[in-house]
2 protein chains.
Amino acid sequence: MPTMVDVAKRAGVALSTVSYALNGTRPISEETRQRIYAAMEELGYKPHALARGLASKRSKIIALLFPTPERGLGLTELEFVTSAAEAARNKGYHLVLWSLPTDSSELRQLLQQGLVDGVLVMEVHLNDPRIELLRELEFPFSMIGRCAESTGMSYVDIDFDRTTQLAVNCLAELGHRQIGFINHSHEAFEAGYGPTVRVAQRFNEAIAAAQLHGVSSFCHDSVAAGYETFNQLLTDHPALSGLIVMNERAIPGIIQAVSERGWSIPDDISLISLVSSARVAEMTLPTLTTLEPPIAELGALGVDLLIQQLEAQDRELPQALLPCQLVVRGSTGQARRTER
Amino acid sequence: MPTMVDVAKRAGVALSTVSYALNGTRPISEETRQRIYAAMEELGYKPHALARGLASKRSKIIALLFPTPERGLGLTELEFVTSAAEAARNKGYHLVLWSLPTDSSELRQLLQQGLVDGVLVMEVHLNDPRIELLRELEFPFSMIGRCAESTGMSYVDIDFDRTTQLAVNCLAELGHRQIGFINHSHEAFEAGYGPTVRVAQRFNEAIAAAQLHGVSSFCHDSVAAGYETFNQLLTDHPALSGLIVMNERAIPGIIQAVSERGWSIPDDISLISLVSSARVAEMTLPTLTTLEPPIAELGALGVDLLIQQLEAQDRELPQALLPCQLVVRGSTGQARRTER
DNA sequence: ATGAAAGCGCTAACAG
DNA sequence: CTGTTAGCGCTTTCAT
């Protein structure tokens, strides 16, 4: 592999001039610039990433802090990872994957290795030890999601308020008055998992504002739990006709429970899956009306915000909220006229 | 951040002694070793990854060459990525994600940056330009999957022969004599996508060996295509009672087509989903009997083989084949006695 | 507009 | 067993 010295020699200039030409760090006469680029071309020169990083103190590598598969991973995460990787590459950065439990002590070590310039944190919890550590070390980071006190921090997140509102509106406009909400588990809620907490809260507000009847329920992320939870919910509230579910893994159980009652979706129950991808929505019969998260956008935007923060001289910490998009499929329909 | 110089001063030894102590590259008296480690502890010293990489010419970073979402990504890929990342970290390596189309010219640039020691290539095609490039540059790599001529290269792959055999056996033992196989698309086959080609071939061999009747069909990776393909297959071969499907995305369409005929799974048709994860298998009604790929093992093993290759002095290029595991769920049952 | 030279923090000869 | 020193390939002052 040729180095800068080789290029400099061949172009008949000083080593530093090559560097400046490459980085545009200072004015170079058009003529020498040409010579240098020609020399690079001829030699097949490519700057050495490590050397550049060591000298400049900027590795141009960022880390994606990825949750370990506690709650099981979805397609969501995958799309996220790939879009983040692509966004990073588009900006000339590399993305390394750090898959760690939120309370891992390893994070500190990793950060202190000086390998990465900044960190993109996925699945931020309301009280997240990773965020505390990053703040303590004053290490640059952006979040996907938010923690309890996110002022002065950079993040992108789903606009859960708007998303929840869209779901409630959709059912309300179809004439549903009695609406159930099946959330993630109570444990997730207690642990302060953002979406769980935010949607739970907003659901009640939206229901109240629209003068509907609403009832919420937690549910573990499993088919069996979905089955149980739905049956319990309908035993307690037989008049429910609309259901908002933010729990992809519970959905097959719910569908099964509906069908075992001899009911059908959407004739007897309308169902909206919150923060759920098209891929999953099309696995079921009927296909699911969803509010689909703009995953790729979130991933790319998260990376952009982080890099912006790394390269900006001013200490502005950008934030962004993106709503999910309503995609109407087969699982929602007009509410029945007659009460059951 | 403290550096080695600081540690050396504090421990009262030479800079290099610290280095040797850290890397175990040469014998150090127990006493000085203690002093050095104490000093590191007190200062909170962590070796600088870039500096180490530059000096040693080994970055301890590997890249995962990730396919761009052409055919759409599955859960499979995700689990793969996370297990690879974890395996790498366990061995003291970092994993960067390079998400590129197989024919991208960018790969060459990335490799020449000198950032990574080796590459793990996912979704290898039978004729894969990435592999050709890696060979040309003599760049260390391992593959997930194999290309046409894989001798002398390091890879891990699913044992498709064994997997296909298991599927055929399973149906045969249930008394099915007329067995259909729904593959990925013809395009995937033509493009030399490994699983598509290998299973197609092995299916015929296994059917012949067991003296059964078999019929294969290609199918695009979509619900609609699954629906069409199934109907066509049953029009042409009405006696089919067992179906092997290696196309997760087509399955909902198949299930729908079965139900529209007034048939049921598994009473009228038994169905096995090949190389399909539990997560998907439990989304449907009935749940799917599958041959589940050992994804996490493949990811971890792939990383291990690559690192082994990087660190071994001898030029052995290890290979491994892992079979899928048969998990019987609700979609398979005894063949009907009577012909339809 | 260009050069010369001093590091960045570490590894690995070379020399005792 | 330990110390000295020359790089690794680049960025970035400081000169001119």
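Chain letters run A, B, ... following the sequence lines, proteins first, then strands; residues in each count from 1.
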A.B. asks: For B:I36 and D:dG3, give me the distance from atom CD1 to atom P, rounded to whole Å.
C.D. replies: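 Atom CD1 in B:I36 sits about 8 Å away from atom P in D:dG3.
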A.B. asks: Can A:E136 and A:R108 be counted as an ion pair, charged N to O under 4.0 angstrom?
C.D. replies: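 Salt bridge flag = yes for A:R108 with A:E136.
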A.B. asks: Think B:R198 forms a cation-pi with B:F160, using NZ or CZ under 6.0 Å from the six-ring centre and within 45 degrees of its axis?
C.D. replies: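 No, B:R198 does not sit over the ring of B:F160.
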A.B. asks: Are any of the side-chain nitrogens in B:R89 or A:E106 under 4.0 Å away from the carboxylate oxygens of its partner?
C.D. replies: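 Salt bridge present between B:R89 and A:E106.
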A.B. asks: Check B:F66 against B:V81 and note the closest heavy-atom contact, atom names and distance.
C.D. replies: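 That closest heavy-atom pairing would be CE1-CG2, 3.2 Å.
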A.B. asks: With side-chain contact (heavy atoms from CB on, under 4.5 Å) as the test, pick out the partner of B:L322 among B:I158, B:D159, B:L298, B:D157.
C.D. replies: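 Exactly one candidate clears the test, B:L298.
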A.B. asks: Over its full length, what angle do the end axes of the helix from C:dA1-D:dT16 to C:dG16-D:dC1 make, each axis taken from five pairs and the result rounded to 10 degrees?
C.D. replies: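 Its terminal axes enclose an angle near 40°.
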A.B. asks: Return the value, rounded to whole Å, for the distance between atom CZ of A:R35 and atom P of C:dA1.
C.D. replies: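 In whole Å, C:dA1 P lies 15 Å from A:R35 CZ.
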A.B. asks: In whole angstrom, give the distance that lies between atom CD1 of A:I28 and atom C1' of D:dT12.
C.D. replies: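 Value for this atom pair: 13 Å.
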A.B. asks: Check whether B:D117 reaches the backbone of B:K60 with its side chain - one donor and one acceptor, N or O, closer than 3.5 Å.
C.D. replies: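 At least one qualifying donor-acceptor pair exists.
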A.B. asks: Is the shortest distance from a Lys or Arg side-chain nitrogen in B:E30 or B:R33 to a carboxylate oxygen in the other one below 4.0 Å?
C.D. replies: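 Answer for the salt bridge query: yes.
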A.B. asks: Backbone N or O of A:Y20 within a donor-acceptor pair of the A:N23 side chain at under 3.5 Å?
C.D. replies: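 Answer holds: no.
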A.B. asks: Nearest whole angstrom, please: distance from the P of C:dG9 to the CG of B:L54.
C.D. replies: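 Those two atoms, CG and P, are 12 Å apart.
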A.B. asks: Please tell me which of A:M1 and B:A14 maps to the more 5' nucleotide of DNA chain D, matching each residue to the nucleotide holding its nearest heavy atom.
C.D. replies: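 That would be B:A14.
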A.B. asks: Starting at CG of B:L43 and ending at P of C:dG9, how long is that distance when rounded to a whole Å?
C.D. replies: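 In whole Å, C:dG9 P and B:L43 CG are 14 Å from each other.
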A.B. asks: When you check the side-chain N and O atoms of A:S19 and A:S16, is any donor under 3.5 Å from an acceptor?
C.D. replies: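 No, no side-chain donor-acceptor contact under 3.5 Å.
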A.B. asks: Could you state the CE-C1' distance from A:M40 to D:dC10, rounded to the nearest angstrom?
C.D. replies: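 Atom-to-atom, A:M40 to D:dC10, this comes out as 14 Å.
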A.B. asks: Using a 4.0 Å cut-off on protein heavy atoms (strictly under), produce a 5'-to-3' string for nucleotides 10-16 of chain C with B for base contact, S for backbone-only sugar-phosphate contact, and - for none.
C.D. replies: BBBBB--
A.B. asks: Could you tell me whether the phosphate oxygens of D:dG7, OP1 or OP2, come under 4.0 Å of any side-chain nitrogen or oxygen in B:K57?
C.D. replies: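 Indeed not, no polar side-chain atom of B:K57 lies that close.
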